[in-house]
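All remarks here apply to the structure that follows.
Quick note on labels: first sequence line is chain A, next is B, and so on, each numbered from 1.
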2 protein chains.
Amino acid sequence: MPELRTGLHHLYLRDEDLRLGIELLFYAYRDFTAEPDRMLDEIGLGRAHHRAIYFVGRYPGINVGELLAILRITKQSLSRVLGELVRKGYISQRPGNVDRRQRRLELTEMGAALERKLSENQRRRIAAAYRAAGPNAVEGFRRVMLGLIDERDRGKVAGEPVRPMPATAARR
Amino acid sequence: MPELRTGLHHLYLRDEDLRLGIELLFYAYRDFTAEPDRMLDEIGLGRAHHRAIYFVGRYPGINVGELLAILRITKQSLSRVLGELVRKGYISQRPGNVDRRQRRLELTEMGAALERKLSENQRRRIAAAYRAAGPNAVEGFRRVMLGLIDERDRGKVAGEPVRPMPATAARR
DNA sequence: CAAAATACGTCAGTGATGTTGACATATATG
DNA sequence: CATATATGTCAACATCACTGACGTATTTTG
């Protein structure tokens with residue numbers, strides 16, 4: 001269906017084109033995470049903490065279940081990470097208004113500062129790549145990346161926040 | 001300099017544009033690795049093994065130092081992974097002709113079969129994303145991804161293999 | 001040719017991140 | 001009230017990474 005719009009069903013993909021795609025993902029991700037990892041290491045945190053901090057910053061008030069759905073790790077893993085972040089004062093929590101079983105998570109001032117510091121690095125890298133590649137390339141980048149993501153999560157990344165929604169939301 | 005060519009120095013990047021980029025990378029990488037990870041798990045291997053197998057398949061005859069430069073892990077980590085792969089019969093090794101200190105690595109039949117199986121999955125995902133996005137988007141994707149990679153490795157991914165080169169090559 | 005550098009390996013210890021499984025508690029819902 | 005949900009905890013374990021120290025074979029160099 002989308003193929004018809006643009007006539008792309010004829011796109012000829014050589015093995016090498018696909019290999020290049022695989023490698024681009026490997027190298028880009030490797031370099032994209034390297035510097036934040038180093039910074040985190042200095043304060044005794046790791047990439048898992050970064051991810052939690054990032055998404056709590058992105059969706060203030062997010063609860064544990066929603067975060068689990070994004071990160072796709074076990075609650076035990078997340079619990080450890082989240083516990084450390086709360087203990088160290090990067091994340092605050094309080095029960096939900098409508099569903100008091102939930103822990104609604106937010107960044108503290110300190111957490112927000114760390115989040116900015118970490119993602120500033122990544123933003124800079126992305127901004128440089130975007131600028132060097134140009135607006136058309138950026139649009140193409142987005143289309144392809146979105147296509148790489150599992151269909152059910154494309155909406156999530158495209159903008160609509162994982163809003164808690166009056167109780168019992170995350171039950172997809 | 002590249003900005004002048006295309007006049008992109010005016011590209012206006014909102015905070016949200018950059019956030020989207022960060023998230024695209026997170027989600028795409030998460031989903032890109034999920035299925036191979038599951039397959040590997042069944043045969044008692046992990047993502048680290050996949051990476052080694054992939055790059056040995058990509059550069060037959062690659063030596064340990066070159067592989068280390070690509071993966072950016074310690075030799076102790078790589079040694080473990082490589083040792084397992086050799087013991088289990090996925091990778092064969094023999095000393096280099098010109099420098100006999102080197103271990104030149106190659107996939108066995110079995111290793112090549114596993115490599116195909118694993119990356120077939122990733123190829124399919126990439127091919128689908130490419131086809132849905134169209135050739136222009138693919139070109140843009142490549143430009144941006146390349147820009148995200150550390151400059152010194154852009155050549156590597158763009159095609160030129162990490163060829164051993166008559167002795168003393170990898171000393172960048 | 002002897003000394004130094006290189007390619008690679010190993011042993012030992014540690015830490016971060018993930019997993020499974022079992023069980024507990026508070027709250028919500030039908 | 002019975003059941004489902006949101007979350008947590010304890011325990012054990014695997015994978016993948018790291019640091020540091022040291023060893024051997026081979027190549028390069030003064």
Who passes side-chain hydrogen bond (donor to acceptor under 3.5 Å, both in side chains) against B:Arg38, sequence neighbours left out? none
Looking at B:Ser79, does any N or O in its side chain come under 4.0 Å of the phosphate oxygens OP1/OP2 on C:dT10? yes
Strand-adjacent residues in residues 83-92 of chain A, judged by heavy atoms under 4.0 Å from DNA chain D: none
For the pair A:Arg142 and B:Asp17, find out whether any cationic side-chain nitrogen is under 4.0 Å from an anionic carboxylate oxygen. yes
Does B:Arg101 get its side chain close enough to the base of C:dT6, under 3.5 Å, for a donor-acceptor pair? yes
Show every side chain to side chain donor-acceptor pair (under 3.5 Å) that has at least one partner inside residues 112-123 of chain B, sequence neighbours left out. A:Asp15-B:Arg123, B:Glu35-B:Asn121, B:Glu115-B:Ser119, B:Ser119-B:Arg123, B:Glu120-B:Arg124
Inspect the contact between B:Glu23 and A:Lys156 and indicate whether a charged nitrogen and a carboxylate oxygen are less than 4.0 angstrom apart. no
Dot-bracket notation for DNA chain D is requested: 5' to 3', Watson-Crick or G-U wobble pairs only, both distances under 3.5 Å, with ( ), [ ], | and . as defined. ||||||||||||||||||||||||||||||
By ring-ring contact (aromatic ring centres under 6.0 Å, His included), which residues pair with B:Phe141, not counting sequence neighbours? B:Tyr130
With sequence neighbours excluded, give me every salt bridge (charged side-chain N to carboxylate O under 4.0 Å, His left out) pair touching residues 72-83 of chain B. A:Asp31-B:Arg72, B:Arg72-B:Asp150, B:Arg72-B:Asp153
With respect to the phosphate group of C:dT17, does any side-chain polar atom (N or O) of A:Ser77 fall under 4.0 Å of OP1 or OP2? no
N/O-N/O pairs, protein side and nucleotides 19-24 of chain D side, under 3.5 Å:
unit_1 : atom_1 : unit_2  : atom_2 : d
D:dG20 : O6     : B:Gln76 : NE2    : 2.8

Please identify each residue that fulfils ring-ring contact (aromatic ring centres under 6.0 Å, His included) with A:Tyr29, with sequence neighbours left out. B:Tyr29
Taking DNA chain C as the partner, which of residues 39-53 of chain A come within under 4.0 angstrom of it by heavy atom? A:Gly46, A:Arg47, A:Ala48, A:His49, A:Arg51
Step-by-step side-chain contact (heavy atoms from CB on, under 4.5 Å) determination, B:Val81 to B:Ile73: CA-CA 11 Å; B:Val81 167; B:Ile73 58 178; 5.8 Å; no
Going by atom type alone, with no hydrogens or angles, which donor-acceptor pairs under 3.5 Å involve a side-chain atom of residues 87-98 of chain B and a protein atom two or more places apart or on another chain?
unit_1  : atom_1 : unit_2   : atom_2 : d
B:Gln93 : OE1    : B:Arg103 : NE     : 2.1
B:Gln93 : OE1    : B:Arg103 : NH2    : 2.7
B:Arg94 : NH2    : B:Glu106 : OE2    : 2.8

B:Ile73 CD1 - D:dT15 P separation (whole Å): 15 Å
Enumerate, atom names and distances included, each donor-acceptor pair closer than 3.5 Å involving a side-chain atom of residues 41-49 of chain B, sequence neighbours excluded.
unit_1  : atom_1 : unit_2  : atom_2 : d
B:Arg47 : NE     : B:Asp37 : OD1    : 3.4
B:Arg47 : NE     : B:Asp37 : OD2    : 3.2
B:Arg47 : NH2    : B:Thr33 : OG1    : 3.3
B:Arg47 : NH2    : B:Asp37 : OD2    : 2.7
B:His49 : ND1    : B:Gly46 : N      : 2.9
B:His49 : NE2    : B:Glu84 : OE1    : 2.4

N/O (side chain, A:Asn63) to phosphate O (OP1/OP2, D:dT7) under 4.0 Å: yes
Contact nearer the 5' end of DNA chain D, comparing A:Arg80 with A:Gln93: A:Gln93
Pairwise side-chain contact, A:Leu24 with B:Leu148, heavy-atom cut-off 4.5 Å (strictly under): no
Who passes ring-ring contact (aromatic ring centres under 6.0 Å, His included) against B:Phe26, sequence neighbours left out? A:Phe55
Kindly compute the distance separating CE (B:Met145) from CZ (B:Arg154), expressed to the nearest 0.5 Å. 12.5 Å
